[in-house]
Amino acid sequence: MAHPHQPGEAAMPASVLAQHKNALCLAFSPRAPAYAEVAAVLLATRAAVSPPCSLRLGLLRDLYAPLSVLTIPAAFALAGSQSPSSADRVSLSGKSTALRFVSRLLAPSLYSNLAPELQAAVDDWLDTVRSAFASTATDPPATASGKISKILAKLATPAKHHLAEPATEKSPLSLTVADLAVWDLARQNPTKNKDADKWVAAIEAAEPLLKQAVDMVHETIETAPVLDEFRFDIAKEIARITGLAEDFVFPLIENKFPKDAASGDFTIAVPRMKLPGAPNDIAKDIESKFRVDSRFSSVKAVGVFVKFWYNPLYVRDRLLPRVLKQAEKFGQNSSGFGKVSIVEFSSPNIAKPFHVGHLRSTIIGNFIENTLQANGWTTVTMNYLGDWGKQYGLLAVGYSKYGDDQKLAADPIRHLFEVYVAINKDASENESIHEDARKYFARMEEGDTAALALWKRFVDLSIEKYREIYARVNVGFDVYSGESKYSAKLMRGVVDKLKELDLLKPDQGAQIVDLNSHKLGVAIIEKSNGGMMYLSRDVAAAISRQKEYKFDNMIYVVGAQQDFHFKQLFKILELMGMPWAEKCQHVNFGMIKSKDGNMSTRKGTVVFLEDILDAVQESMLAVMRRNEARFALIENPMATADTIGITGIMIQDMSARRNKDYEFNWDRMLAFEGDTGPYLQYAHTRLCSIERRAEIVVDSNIDFSTLTEPVAVALVDCIAMYPDVVREVGTLLEPCTIVSYAFRLSHAVSNCVEALYVMNQPYEIAAPRLALYKAARITLGNALRALGVIPLDRM
């Protein structure tokens, strides 16, 4: 039979997957700015009405990396291409390699279409420039400087050396990648040669896109986390003192938050460096030889540790302008550039309630999506609905007896749940109902039009209602999929493949994969009656998704009760020889408990999430009405109350490590005192209020020299930590890390606001304080958005 179309299934939106496949990702370091690479893309796309591809820019974590990295995503396709590539993701290192690639892909006139003699000259230039850049990392400074000076001297007569001559050529110039590479080198070495400086100025005047490329690169460099700059300065000095490699030292440098005055801003444990000699003596040696400049206040050896204190005023002046410029992008990084992650979460069963027990997967999955995106990944969020199986036969039988079309249209999830509970009660007393259900589902599998039409109606109406509820908790999905997408034929293909690999064994009429040697028991693939188990469908789904999305990571956000199932699934994929099996990950979580025990579905003793959201909204409205003057200023009190209540639910859920069970506590969830969701919203709205009331416009050029108070320094310290937090949660996927950070930031804000007023202060005092509060508001808002919470301006 033809497999039924998945109701409600949406193809991956072009705005997500197509944009990902159409984007070149370029990451570089401040030490090696990618002027030429960016300029090449700009020049290549200038003439196009619609650019053939986009360019994403970001910084490498190694701020001293000598080479840029150009990443071409899997299945890369130029705009309008009818035959996208099937290639896997590729990363190219180095300026010359990137320039040649961009020319071949987008702008043959820069290199590929040149006459053979000129192309040979360009190749010589690219090799010469590459050698000069490499020399700065490997040769003594005098040797490297000499090589660069020799190149720059040729710019006195550029045409003689097959380079552009802005003084004599008409605009636009006929540039090659050699021009771009030499221009890049000269720009990174200003004041070294007057002729070179004149040539740079002239070529940028003749070709404005070069200056645009410079601006884009500098703007990207300004996104460098300030604390990383200190880490690399420390790593560079310790490498100089000890002879160790900088990239070995860097990850050993720790900074803990919150910290006390004695702990230092950064610490390194000498034993971890594995140097010969007594660690205490090595620590003292590092202290005595470490060159302290204005960026550091002190360096001290404390036992086997070396501790570093940075100059807080230097951090203040570097950090605050960056936060104000980056706004909602503050904290983001490029570690996931060019990579795709599928995040499967929520995944309720059709005709069963979306209850508070489903909430954990929904909000944790949403958090993971936001976190991965902040770390540069492209995400595909997938709602894998339970929409197939004998239970739908049971539901159809029940609907013929208890169904009401008007109730179904009004509230499909609730009504189908009522039918489900009623028919289960009947079936427990009358076994023939189960047989009727099996027969009905058999009709569905055989493609019976009438049976599938009713099933499709149930699914479509349920998805429509789910979308309403998801919107209230600020969640959306790129793809609605479901079990029905994977037909018996596809699962039979899995069984055949397992047989072919000699992994499938008969056992009492069933077909199993014996995983005892991996301490994973026996995995049943096919039941003795020929019915397929969930594992066979999940294997088929994983294979299908890899083929369609070429994912670099696939995350299943499912409760800890399914730990064993996913261990078996991943092991089977590995045994089948799927090289991407290691990219599959189960992110588990504990259960939400009510005071009378775990929440049940089959017996009907369940708390519908929508009822909880409505109740929380009413409670918040009552609290808000206590202050009539403030209540009157809120444009949409119902929506605001809804957001505060949902924030309370979400923060309560995400405050502890996700693998912990917790009790659903109404009183705690709705409290404005203590570390709760409403408190975080209050902190954000308080900062918004300060900005509204102050008649000052702040920007990144403010003089911060008057901002020296200890509470201000503490708040700056806390803001500076946010990029570290984003990077950490991108690996651990623990929402409690951001929740804890948001509370610490809010406490620092409270301490500062109580002591440092903006109103009625002279401009030189008020402006930097307001800028600090604006930076704090940006950072807190970013943290809340990472958690899936909508930050409020008023409440």
Side-chain angles (χ1 to χ4, degrees), residues 30 63 218-233 255 257-259 261 265-266 292-298 308-332 683-684 686-725 741 744-783:
L63 299 183
H218 289 176
E219 187 176 314
T220 303
I221 289 173
E222 283 299 303
T223 65
V226 172
L227 297 188
D228 272 359
E229 293 179 338
F230 279 99
R231 287 190 190 94
F232 277 103
D233 288 338
N255 62 317
F257 192 88
K259 59 179 182 290
D265 295 306
F266 299 97
V292 177
D293 57 24
S294 60
R295 294 169 296 178
F296 292 92
S297 58
S298 66
F308 307 86
W309 285 260
Y310 53 63
N311 179 346
L313 304 185
Y314 179 85
V315 173
R316 175 201 66 195
D317 294 342
R318 297 281 286 174
L319 175 72
L320 295 181
R322 295 185 183 186
V323 179
L324 297 177
K325 282 183 179 179
Q326 294 170 46
E328 289 190 12
K329 293 184 178 180
F330 174 63
Q332 296 180 7
H684 189 268
R686 190 179 188 186
L687 290 168
C688 292
S689 176
I690 293 171
E691 288 186 59
R692 280 195 303 270
R693 291 163 54 204
E695 297 180 354
I696 299 173
V697 176
V698 297
D699 58 33
S700 58
N701 297 316
I702 284 177
D703 178 4
F704 294 101
S705 59
T706 61
L707 200 62
T708 58
E709 298 84 356
V711 287
V713 170
L715 182 52
V716 169
D717 274 351
C718 194
I719 294 170
M721 284 294 300
Y722 185 62
D724 280 7
V725 172
Y741 172 80
R744 291 198 299 267
L745 178 61
S746 297
H747 297 157
V749 165
S750 181
N751 293 337
C752 210
V753 168
E754 294 297 328
L756 305 181
Y757 299 111
V758 172
M759 299 297 289
N760 303 317
Q761 300 295 318
Y763 178 84
E764 62 273 15
I765 300 292
R769 290 180 180 179
L770 184 60
L772 173 62
Y773 294 147
K774 184 175 181 179
R777 189 262 301 163
I778 288 169
T779 308
L780 180 57
N782 290 353

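Numbers here simply count residues along the sequence, with the first being 1.
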Worksheet item: For Pro30 and Leu63, which heavy atoms make the closest approach, and how far apart are they?
Response: CD-O, 3.4 Å
Discussion item. Contact between Phe230 and Asn255 at the side-chain level, heavy atoms closer than 4.5 Å - yes or no?
Written reply: no
Worksheet item: Under a 4.5 Å cut-off applied to non-hydrogen side-chain atoms, are Val753 and Val758 in contact?
Response: no
Discussion item. Taking Leu707's backbone N and O only, do any of them form a donor-acceptor pair with Arg316's side chain (distance below 3.5 Å, no angle check)?
Written reply: yes
Worksheet item: Roughly how far, to the nearest 0.5 Å, is the CG atom of Leu687 from the NZ atom of Lys774?
Response: 12.5 Å
Worksheet item: Is there side-chain contact between Arg295 and Asp233, with at least one heavy-atom pair below 4.5 Å?
Response: yes
Worksheet item: Taking the side chain from Ser297 and the backbone from Trp309, do they hold a donor-acceptor pair closer than 3.5 Å?
Response: yes
Worksheet entry | Where Tyr741 and Ile719 come nearest, the two heavy atoms and their spacing | OH-CA, 3.6 Å
Worksheet entry | Leu780 side chain near Val749 side chain, heavy-atom distance below 4.5 Å | no
Response to the item:
Correct closest heavy-atom pair for Ala775 and Leu320 would be CB-CD2, 3.8 Å
Practice prompt. Decide yes or no on salt bridge (Lys or Arg N to Asp or Glu O under 4.0 Å) for Arg318 and Glu229, but give the supporting numbers first.
Written response: CA-CA 10 Å; Arg318 297 281 286 174; Glu229 293 179 338; 2.9 Å; yes
Worksheet item: For Ala771, does its backbone N or O pair with a side-chain atom of Asp699 as donor and acceptor, under 3.5 Å?
Response: no
Practice prompt. Taking the side chain as every heavy atom from C-beta outward, state whether Glu691 and Leu770 have any pair of such atoms under 4.5 Å apart.
Written response: yes
Discussion item. Evaluate Lys329 against Glu222 for salt bridge (Lys or Arg N to Asp or Glu O under 4.0 Å), listing each step before the verdict.
Written reply: CA-CA 12 Å; Lys329 293 184 178 180; Glu222 283 299 303; over 6 Å; no
Fill in: Residue pairs passing the side-chain hydrogen bond (donor to acceptor under 3.5 Å, both in side chains) test where at least one lies in residues 755-767, sequence neighbours excluded
none
Worksheet item: What are the two closest non-hydrogen atoms of Tyr773 and Cys752, and how far apart are they?
Response: OH-O, 3.1 Å
Worksheet item: Taking the six-membered ring for Trp, is the centroid-to-centroid distance between Phe296 and Tyr314 below 6.0 Å?
Response: no
Worksheet entry | Inter-residue atom distance Asn751.CG - His747.NE2, 0.5 Å rounding | 8.5 Å
Worksheet item: At what distance, to the nearest 0.5 angstrom, does CG of Asp717 lie from CG of Asp265?
Response: 6.0 Å
Discussion item. For Phe330 versus Tyr722, what's the shortest heavy-atom pair and its separation?
Written reply: O-CE2, 3.6 Å
Worksheet item: Is there side-chain contact between Ser689 and Arg692, with at least one heavy-atom pair below 4.5 Å?
Response: yes
Item to complete: Verify, without hydrogens or angle tests, whether Asn782 (side chain) and Gly331 (backbone) share a donor-acceptor contact under 3.5 angstrom.
Response: no
Would you list the atom pairs, donor with acceptor, under 3.5 Å between side chains in residues 708-715 and any protein atom, with sequence neighbours excluded?
unit_1 : atom_1 : unit_2 : atom_2 : d
Glu709 : OE2    : Arg769 : NH2    : 3.4

Practice prompt. Can you measure from CD1 (Ile696) to CD1 (Ile702) and round to the nearest 0.5 angstrom?
Written response: 8.0 Å
Practice prompt. Would you name the heavy atoms of Leu227 and Ala720 that are closest together and state the gap between them?
Written response: CD1-O, 3.6 Å
Worksheet entry | Side-chain touch Ile778/Gln326, heavy atoms, less than 4.5 angstrom | no
Worksheet item: Within the distance-only criterion (no hydrogens, no angle test), does the side chain of Ser750 pair as donor or acceptor with the backbone N or O of Ser746 below 3.5 angstrom?
Response: no
Practice prompt. List for me each residue that meets side-chain hydrogen bond (donor to acceptor under 3.5 Å, both in side chains) alongside Ser705, sequence neighbours excluded, and say none if there are none.
Written response: Asp703
